[in-house]
Amino acid sequence: MRKIILAGAFVELIELCEKCGYEIIGIADTACEDKYYGYDILGDDDYIIANKESYRDCNIVMVPDKTSVRKKLYEKYKLAGFSFETIISPGANISKYAEINEGAIIHDFCNVSANAVVGKCARLNVGSNVMHDSIIGDFSIVAPNSVILGRCKIGECSYIGSNSTILPERKIGANSVIGAASVVTKDVDSQMTVAGNPAHLLK
């Protein structure tokens with residue numbers, strides 16, 4: 001049984017890790033006291049790093065929903081020599097021709113089609129669908145039931161809101177946000193927030 005530490009407290013990630021058979025050693029978080037759903041709060045991220053020799057056989061699971069925080073924590077733990085666990089639900093459908101990178105998290109009922117790429121520490125939430133030849137950038141989050149159609153490219157640290165659809169061959173720039181239930185018919189520049197059907201820029 002592989003040992004992991006959760007960088008953040010979130011019950012959905014705990015349930016997924018339990019389902020996948022991991023041994024959760026504890027959680028790095030400052031918002032909780034002592035225990036969270038029965039698991040020890042070990043301290044903050046700095047504490048884990050300062051005591052890395054005690055946790056050298058543990059991989060990190062990236063929890064925060066804020067994509068910039070995911071990137072910052074990844075760089076911090078990576079510099080300290082930690083590795084990151086890739087979590088894939090047994091209820092997900094992953095093509096044998098897909099590429100899933102270190103630290104990615106894929107929840108129940110997700111589909112990742114042939115030649116799709118899921119970047120490091122990216123997260124596909126429940127029921128999301130990444131079609132053929134699409135790329136999900138590092139640290140990005142695809143919220144529940146979103147559809148990324150063929151040959152799309154999602155830049156790093158982007159957030160795709162729940163029930164959104166990205167039409168084929170669209171490009172979403174880094175650090176962008178797609179509002180829930182949006183239909184993206186055109187490319188989106190970096191650091192933009194769009195929403196609606198069709199999706200348009202929010203000022």
> How far apart are the closest heavy atoms of M62 and Y74, and which atoms are they?
CE-N, 3.7 Å
> Indicate whether the side chain of E99 and that of N101 have a donor and an acceptor atom separated by less than 3.5 Å.
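Distance-only check passes for E99 and N101.
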> Quick one: do D29 and Y36 satisfy side chain to side chain contact (heavy atoms under 4.5 Å, CB included)? Show the steps, please.
CA-CA 10 Å; D29 202 295; Y36 181 80; over 6 Å; no
> For A195, does its backbone N or O pair with a side-chain atom of H200 as donor and acceptor, under 3.5 Å?
yes
> Are L6 and Y22 linked, directly or through intermediate hydrophobic residues, by side-chain heavy-atom contacts shorter than 4.5 Å (ILVMFWY only)?
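Yes, Y22 connects to L6 through the hydrophobic network.
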> Is a side-chain N or O of D138 found less than 3.5 angstrom from the main chain of K120, in a donor-acceptor match?
yes
> How close do V130 and A116 get, counting heavy atoms only, and between which atoms?
CG1-CB, 4.0 Å
> Using atom types as modelled and distance alone, determine if a side-chain donor or acceptor of S128 lies under 3.5 Å from a backbone N or O of A143.
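No; judged by distance alone, with no hydrogens or angles, the pair does not exist.
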> To the nearest 0.5 Å, tell me how far N125 CG sits from I141 CD1.
8.0 Å
> Do you see a donor-acceptor pair shorter than 3.5 Å between the side chains of Y37 and E18?
no
> Hey, could you give me the CD1/CG distance between I48 and L42, rounded to the nearest 0.5 Å?
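I48 atom CD1 to L42 atom CG measures 4.5 Å (nearest 0.5 Å).
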> Under 3.5 Å, is there a donor-acceptor pair between the side chain of R70 and the main chain of P64?
yes
> Verify, without hydrogens or angle tests, whether D133 (side chain) and G150 (backbone) share a donor-acceptor contact under 3.5 angstrom.
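No, because the side chain of D133 does not come within donor-acceptor range (under 3.5 Å) of the backbone of G150.
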> Is it true that the side chains of D108 and S89 contain a donor and an acceptor less than 3.5 Å apart?
yes
> Closer than 3.5 angstrom, by distance alone: can the side chain of S158 be matched with the main-chain N or O of S176 as a donor-acceptor pair?
yes
> Going by heavy atoms in the side chains, are E23 and R2 under 4.5 Å from each other?
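E23 vs R2: side chains apart.
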